[in-house]
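Quick note: residue numbers are just sequence positions, from 1. Order of appearance sets the numbers: ligands from 1, and atoms from 1 within every ligand.
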Amino acid sequence: MMSSLNLPALRRATGTVRLPGSKSISNRMLLLAALADGATEIRDLLDSDDTRVMLAALEKVGIGVTAMGDNAWRIEGCGGVFPVKDADLFMGNAGTAIRPLTAALALSGGHYRLSGVPRMHERPIGDLVDGLLQIGADVRYTGNPGFPPLAIHPSKVKLSAPIRLRGDVSSQFLTALLMALPLTGEAAVIEMTTELISRPYIEITLNLMARFGVKVEREGWQRFTLAAGQRYRSPGLLHVEGDASAASYFLAAGAIGGGPVRVEGVGRNSIQGDVRFADALEAMGARIEWGEQHIEARAPLSGKLKAFDLDLNHVPDAAMTLAVAALFADGRCVLRNIASWRVKETDRIAAMATELRKLGATVEEGPDWLAIDPSPFPLPPSCPIDTYDDHRMAMCFSLAALGGVPVTINDPQCVNKTFPDYFDVLAEITAPVIAIDGPSASGKGTVAERVATALGYHYLDSGSLYRLTALASMRAGVALDDEAGVAALAASLPATFEGGRILLASDDVTDAIRSEEVSAGASKVAALPAVRAALLARQRAYRRFPGLVADGRDMASVVFPTAAAKVFLTASAAVRAERRYKQLIAKGMPANMHALLQDLQERDARDAQRSVAPLRQCDDADLVDTTGMNIDAAVAAVMTIVKRQEL
Ligand code: DC
């Protein structure tokens, strides 16, 4: 059965995203490391379907690959000779795996059969096979001529004449040949017989080959020469840059949804051509800032993105994001020179046109262009968006929800191809948050939970994280003023929240963390800056679709400063002490009204006076004083504030 994801109407995008590793760099590095002399450690490798396809294939042909944890991999290079000489290899729909592997295997003297999913068997590979046949490789089509599946057999290759290669369908054919040719040990020349598209991807290839010690002389984009006797040598340790194509979704989100949105992992010195997508956004009026390791985007000062007419041959993947950004432009937008879209995961020009029309746009398509007239804003409610088993369709159409309309994405799991966490990461910068802060026993926990249930949102009880940290420290014998020790525990709390129960490792501590001893301990550890820092990312990760209600002391001021609604919920100290007293008595626990009041006032003072994230009402928060209210009245008061935000 087809699954689908309902994205809520989104109004703002702000925050910071750590990018997954680049797909193009990951798969090239894996193959080069496999072909090299010596072992290579690759850090920050992309964890996705396409890289798994490459890793599995390399293992099958006898390469030692070891996961070292945290997306680091050790690859034992084979010095150019794959140990296994006969293998069936399944390539899924990974173009960045089948193309270069076909070339490398064709020069490896073995028997190999490569196949993929049905769509892979419709994606051309004929230009590459023609190139390989010219030098005497034995590569045969076992299905339709020009397309996978393929069978490869040993052969004697000779490089007497330049290889003549087409470059107008996909640049991956040139990449594949370039990476494989050093296996022959001979001098080699490739001459392009057509214009070469997607040139920045060739730059990635040449850059990575150079890091493995192989030089290619390039004359324009026409002729590529490799000197004889070059071998790949492991550079030892390598890092994969963040994925610049994936960055496009978040940068566009910042440009459409206010921003600032910062992507970390690519910057001004990136070797990926898709970072130039940011220039296209800038041409639309977005404000872009470049750093060494980040790019940041915000909406135009005018608030409205401008129409564009651009040649996008150099950013073919990220250009899809621009087509959806066109829905937010002030006029007709034209994307030119994008013929390669037709042979990607799906016919992307046709798919894009069909789905953009669902969002009210008037779209014209040509063989290598697309013209988009957005509908007048706001976007109309749309029927579900189809994704054609194309990760980029799913990712770029999620941005339409920033038009303030709910959007349904069919088959959202197709993002696994390159970005399995995509929707969670998008949620971290766009999902609406309702921040409810206040002193202890103000009733905010109960109110927040009820509001979350009413809205169908997730709920974060941030105080429980401080309570868990205190309890874990006490149990581990770590002193509550040992800042580094407590912070280390906070950073790796084995806590799980399961239907109202709270577990520390496998121990149910739901009641234990509410004891007066742990309450006092929580207030102490919460004053330690390193502990607060250690819990920050964890709290932000609770921001998921369709939205989050978060309660605590610094939800509005520190953790979710751009929350859609901010509430400061309080009550007089006497009323709060009385509520806590009744709670404890009801649970059969001992309680003393006088001691409770004193304790509460001490904790209020500590929470309010500490130097980091003190308890205070933000200027932009609404005050709800529940002194004279019961829970129903308090929930109603908060819901009134929330409804004003049209969430
Ligand atoms: O909300 P609570 O009583 O469960 O919080 C327990 C302690 O943690 C309390 O002393 C305040 C502190 N805390 C905090 O400093 N920041 C938060 N966001 C939540 C709680």
Side-chain angles (χ1 to χ4, degrees), residues 433-449 451-452 459-474 480-481 483 486-487 489-490 493 495 497 500 502 504 509-543 548-561 563 566-571 573 575-577 579-581 583-584 587 596-618 621 626 634:
V433 177
I434 294 155
I436 304 182
D437 290 305
S440 46
S442 58
K444 63 186 183 327
T446 315
V447 171
E449 224 178 329
V451 170
Y459 168 55
L460 166 65
D461 164 14
S462 63
S464 69
L465 295 174
Y466 291 95
R467 291 172 178 274
L468 283 160
T469 302
L471 180 66
S473 305
M474 291 165 172
L480 296 185
D481 58 357
E483 183 164 356
V486 179
L489 282 172
L493 267 186
F497 296 76
I502 300 177
L504 191 58
V509 294
T510 317
D511 296 324
I513 60 163
R514 302 287 157 198
S515 73
E516 285 303 297
E517 194 195 0
V518 174
S519 298
S523 164
K524 282 185 194 140
V525 300
L528 305 172
V531 173
R532 304 199 73 85
L535 290 176
L536 192 59
R538 183 168 194 140
Q539 294 173 82
R540 288 186 175 151
Y542 279 89
R543 189 175 178 188
L548 176 70
V549 180
D551 87 54
R553 303 293 186 287
D554 61 343
M555 297 299 98
S557 57
V558 177
V559 183
F560 302 112
K566 297 181 176 180
V567 177
F568 193 77
L569 201 83
T570 189
V575 163
R576 288 186 286 128
R579 287 179 188 161
R580 177 71 29 106
Y581 178 82
Q583 263 174 11
L584 291 172
K587 283 188 192 156
L596 277 174
L597 179 59
Q598 204 176 354
D599 230 51
L600 205 90
Q601 283 167 330
E602 273 172 27
R603 234 185 299 153
D604 279 0
R606 202 165 27 220
D607 289 349
Q609 282 159 20
R610 68 181 176 219
S611 57
V612 282
L615 173 68
R616 64 177 172 85
Q617 182 185 347
C618 286
T626 67

Residues Arg532 and Asp554 bridged, charged N to O under 4.0 Å = yes
Electrostatic pair Asp437-Arg616, nearest N-O below 4.0 angstrom = no
Min side-chain heavy-atom separation Ser440-Arg553 under 4.5 Å = yes
How far apart are the closest heavy atoms of Thr626 and Ala571, and which atoms are they?
-> OG1-CB, 3.4 Å
Taking only residues two or more places apart in sequence, or in another chain, which ones meet Arg514 in a salt bridge (Lys or Arg N to Asp or Glu O under 4.0 Å)?
-> Asp461
Do Ser519 and Arg467 have side-chain N/O donor and acceptor atoms under 3.5 Å apart?
-> yes
What residues sit with at least one heavy atom under 4.0 Å from ligand 1?
-> Ser440, Lys444, Ser462, Gly463, Tyr466, Arg467, Arg514, Ala522, Ser523, Ala526, Arg532, Gly552, Arg553, Asp554, Met555, Arg603, Asp607, Arg610
